[in-house]
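First up is the structure itself, then whatever we jot down about it.
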Amino acid sequence: MSPILNRRSAVAAALTGALLVPALSACGSSDDKAGAGASASAPAAASAEPKAASLTVLAASSLTDVFKTAGAAYEKAHPGTKITFSFAGSQELAAQVKQGAPADALVTADTKTMDGLKAETGDPSIIAKNRLVIAAGKGNPFKIDELKDLADSKIKVVLAAPEVPVGRYSKQILDAQKIEVKPVSQEPNVRAVLSKVELGEADAGLVYKTDTIKAGDKVSVVDIPDAENAVASYPAASLKASKNAGAAAAFVAWLSTPEAQKILQDAGFQKA
């Protein structure tokens, strides 16, 4: 081949290479932007709806019945999610949290217990309120009409222990009315107090109004006037040690929704 043809071929090859580089760069740049956009949108999509998870919720004893209903409703609305409840006195639940028991959320029957767990929980929100009543034996054989009747030494009264929320509320309202009651026993949670009365092992006890609904005619309910009563608040919070943080926070938030609030109020709880 002649020198002139060689020079022409070299120039053509150089021009072709120069034209291809910008085109390839443009294609690579477009792909990079598309990839970056896809990866950026993935976390946003994931955070919009927490993945299905198995949650363990520690809850105050007085929530036993209503939370079974609430849990079933939540699982139905969130396919794949499974909620297991562990019910006990709030002080027992607090001890479990501090000991590192595997759980995802906590609901107590008072703000004091929850406030003592700030290092272990997210920000709590009040989901419901409750009030105390006197649970008397079936038919109310001792004709108990008011708080001061509980001071009668002939009446076997059972109360929750003072470290239990309902026990603190009971002491609060009795002290405020200057009523001295000597309980025959002090129980670890409100359900144990109610059980003593239902079984006839005690003549009366102070429990939450919602607990007596399930008891039916096994006990007689004596209301306590608002001026002499105490309001129990129920805070709920996710636990920082949860391995399902997103799902736990979603359940706690759901407890304040109209659907959950209706379930709570239908069970006798007051609006938060």
Can you check whether [Y]'s main-chain N or O pairs, donor with acceptor, with [X]'s side chain at less than 3.5 Å?
X	Y	answer
Gln261	Leu255	yes
Asp149	Glu146	yes
Ser220	Lys138	no
Asp104	Ser242	no
Asn140	Ile144	yes
Asn130	Ala232	no

Considering only heavy atoms from C-beta outward, does the side chain of [X] approach that of [Y] to under 4.5 Å?
X	Y	answer
Pro165	Thr113	yes
Ile173	Glu228	no
Tyr208	Leu132	yes
Ser90	Val164	no
Lys209	Val221	no
Pro183	Val158	no

Apply side chain to side chain contact (heavy atoms under 4.5 Å, CB included) to Thr210 and Val66, showing your working.
CA-CA 9 Å; Thr210 54; Val66 69; over 6 Å; no
Are [X] and [Y] joined in one hydrophobic group, where the rule is that I, L, V, M, F, W and Y side chains link up if heavy atoms are under 4.5 Å apart?
X	Y	answer
Leu106	Ile83	no
Tyr169	Val181	yes
Tyr74	Phe269	yes

Phe85 vs Phe67 aromatic rings, parallel, tilted or perpendicular, using cut-offs 30° and 60°?
tilted
Measuring from atom [atom1] of [X] to atom [atom2] of [Y], what distance do you get when rounded to the nearest 0.5 angstrom?
X	Y	atom1	atom2	value
Thr212	Ile134	OG1	CD1	12.0 Å
Lys196	Leu159	NZ	CG	12.5 Å
Tyr234	Leu63	OH	CG	5.5 Å
Lys98	Leu93	NZ	CG	12.5 Å
Glu120	Met114	CD	CE	11.0 Å
Thr108	Glu92	OG1	CD	13.5 Å

Which is it for Leu174 and Leu206 under the side chain to side chain contact (heavy atoms under 4.5 Å, CB included) test, yes or no, and what are the steps along the way?
CA-CA 10 Å; Leu174 291 171; Leu206 289 173; 4.1 Å; yes
Should the pair Asp226-Arg131 be classified as a salt bridge under the 4.0 Å nitrogen-to-oxygen rule?
yes
For the pair Lys143 and Asp152, find out whether any cationic side-chain nitrogen is under 4.0 Å from an anionic carboxylate oxygen.
no
Count the heavy atoms of every other residue, nucleotide or ligand shown that sit under 6.0 Å from NZ of Lys214, and state whether that count exceeds 12.
no
Lys171: partners by side-chain contact (heavy atoms from CB on, under 4.5 Å), with sequence neighbours left out:
Asp175
Yes or no on side chain to side chain contact (heavy atoms under 4.5 Å, CB included) for Trp254 and Glu259, after CA distance, side-chain angles and deciding distance?
CA-CA 8 Å; Trp254 178 82; Glu259 180 185 5; 3.3 Å; yes
Test side-chain contact (heavy atoms from CB on, under 4.5 Å) applied to Val166 and Val207, Asp211, Val190, the passing residue
Val190
